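Below is one structure; the comments refer to it alone.
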Amino acid sequence: QVQLVESGGGLVQAGGSLRLSCAVSGRTFSTYTMGWWRQAPGKEREIVAHIGRSGGTTYYTTYVKGRFTISRDNAKNTLYLQMNNLKPEDTAVYYCAARTRSSPTYNPAAYDYWGQGNRVTVSS
């Protein structure tokens, strides 16, 4: 089955930047809607951003819009999340997820494959 491997998380000071990457196995990456999700301690998992199959359709939660950019390179089977001007409230475990259907959804149960999670900690 499809496996997602995340990288790029870590510790950063407020105002700094990180880029998360998600390498996706298989030969059908370009058919997946991809999403970045995050879960902070004591909170439900929430959508951060998602991107359509060809990269033309994107969505961002209001809390990251203007600071984060989701992108994908279908030739490399890789999803990215560029995070700029990070804030302490961005601290969370970030998850890469793939949906095999193209219909947009904010329901995590509708995503078919998930990465292991990658921790981002932003200090004050």
Side-chain angles (χ1 to χ4, degrees):
Q1 64 179 27
V2 175
Q3 295 188 12
L4 286 64
V5 180
E6 299 155 336
S7 61
L11 304 174
V12 66
Q13 291 186 338
S17 298
L18 288 172
R19 189 176 77 160
L20 302 182
S21 298
C22 174
V24 182
S25 68
R27 293 181 288 273
T28 55
F29 174 73
S30 63
T31 71
Y32 302 154
T33 296
M34 299 297 300
W36 286 103
W37 299 75
R38 68 185 183 186
Q39 189 165 21
K43 296 183 179 180
E44 294 183 346
R45 190 169 300 185
E46 65 178 6
I47 186 73
V48 177
H50 69 220
I51 188 167
R53 295 153 78 165
S54 64
T57 302
T58 59
Y59 165 83
Y60 300 91
T61 181
T62 184
Y63 299 107
V64 309
K65 194 171 185 178
R67 299 187 295 118
F68 291 11
T69 302
I70 188 170
S71 62
R72 65 192 296 163
D73 188 338
N74 286 349
K76 296 181 178 179
N77 275 29
T78 304
L79 176 74
Y80 303 98
L81 184 68
Q82 179 66 46
M83 303 183 292
N84 296 328
N85 192 23
L86 283 159
K87 302 176 179 180
E89 50 263 45
D90 296 318
T91 295
V93 176
Y94 284 71
Y95 297 89
C96 173
R99 175 171 162 81
T100 58
R101 296 172 177 83
S102 62
S103 300
T105 180
Y106 307 143
N107 181 5
Y111 282 78
D112 300 291
Y113 305 105
W114 291 81
Q116 78 284 0
N118 202 271
R119 188 172 184 176
V120 172
T121 302
V122 184
S123 62
S124 300

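Here, residue 1 is the first one in the sequence, and each next residue gets the next number. Keep in mind that what you see is a predicted model, and the values were worked out from it rather than measured.
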Joint cluster assignment, Tyr60 & Tyr94, ILVMFWY side-chain distance < 4.5 Å: yes

Cation-pi check for Tyr32 against Arg72: NZ or CZ below 6.0 Å from the six-membered ring centre and within 45 degrees of the axis, yes or no? no

Heavy-atom closest pair, residues Ser17 and Asn84: OG-OD1, 2.9 Å

Given 3.5 Å as the limit, does a donor-acceptor pair link the side chain of Glu6 with the main chain of Gly117, or not? yes

Starting at CZ of Phe29, measure out to CE of Met34 and round the result to the nearest 0.5 Å. 5.0 Å

Distance col, row Leu4:CG vs Thr78:OG1, nearest 0.5 angstrom, shows 10.0 Å

To the nearest 0.5 angstrom, please state how far the CG atom of Asp112 sits from the CD atom of Gln1. 10.0 Å

Are a donor atom and an acceptor atom from the side chains of Tyr111 and Arg99 found within less than 3.5 Å of each other? no

Would you confirm whether Asn77, through its side chain, and Val24, through its main-chain N or O, come within 3.5 Å as a donor-acceptor pair? yes

Between Trp37 and Val93, is the side-chain contact (heavy atoms from CB on, under 4.5 Å) condition met? List the steps. CA-CA 8 Å; Trp37 299 75; Val93 176; over 6 Å; no

What's the spacing between Ile51 CD1 and Thr33 OG1 if we round to 0.5 Å? 9.5 Å

Minimum heavy-atom separation for Leu20 and Gly8, please, with both atom names. CD2-C, 3.6 Å

Between Trp114 and Ile47, is there a shared hydrophobic cluster once you connect ILVMFWY residues whose side-chain heavy atoms come closer than 4.5 Å? yes

For residues Leu86 and Phe68, determine if any side-chain heavy atom of one lies less than 4.5 Å from a side-chain heavy atom of the other. yes

Answer whether the closest heavy-atom distance between the side chains of Trp36 and Leu79 falls below 4.5 Å. yes

Contact check, side chains of Met83 and Val12, non-hydrogen atoms, under 4.5 Å: no

For the atom pair CG (Leu11) and CZ (Arg119), what is the distance rounded to the nearest 0.5 Å? 8.0 Å

Ala40 to Ala92 - nearest heavy-atom pair and separation: N-CB, 3.8 Å

Shortest non-hydrogen pair, Gly115 vs Tyr95, comes out as O-CD2, 3.8 Å

Give the C-alpha distance, both sets of side-chain angles, the deciding distance and a yes or no for side-chain contact (heavy atoms from CB on, under 4.5 Å) between Val64 and Arg38. CA-CA 12 Å; Val64 309; Arg38 68 185 183 186; 3.8 Å; yes

How far does CD of Gln82 sit from CD1 of Ile70, to the nearest 0.5 angstrom? 12.5 Å

Are more than 12 heavy atoms from other residues, nucleotides or ligands located less than 6.0 Å from atom CD of Gln3? no

Val48 versus Tyr63: any side-chain heavy-atom pair under 4.5 Å? no

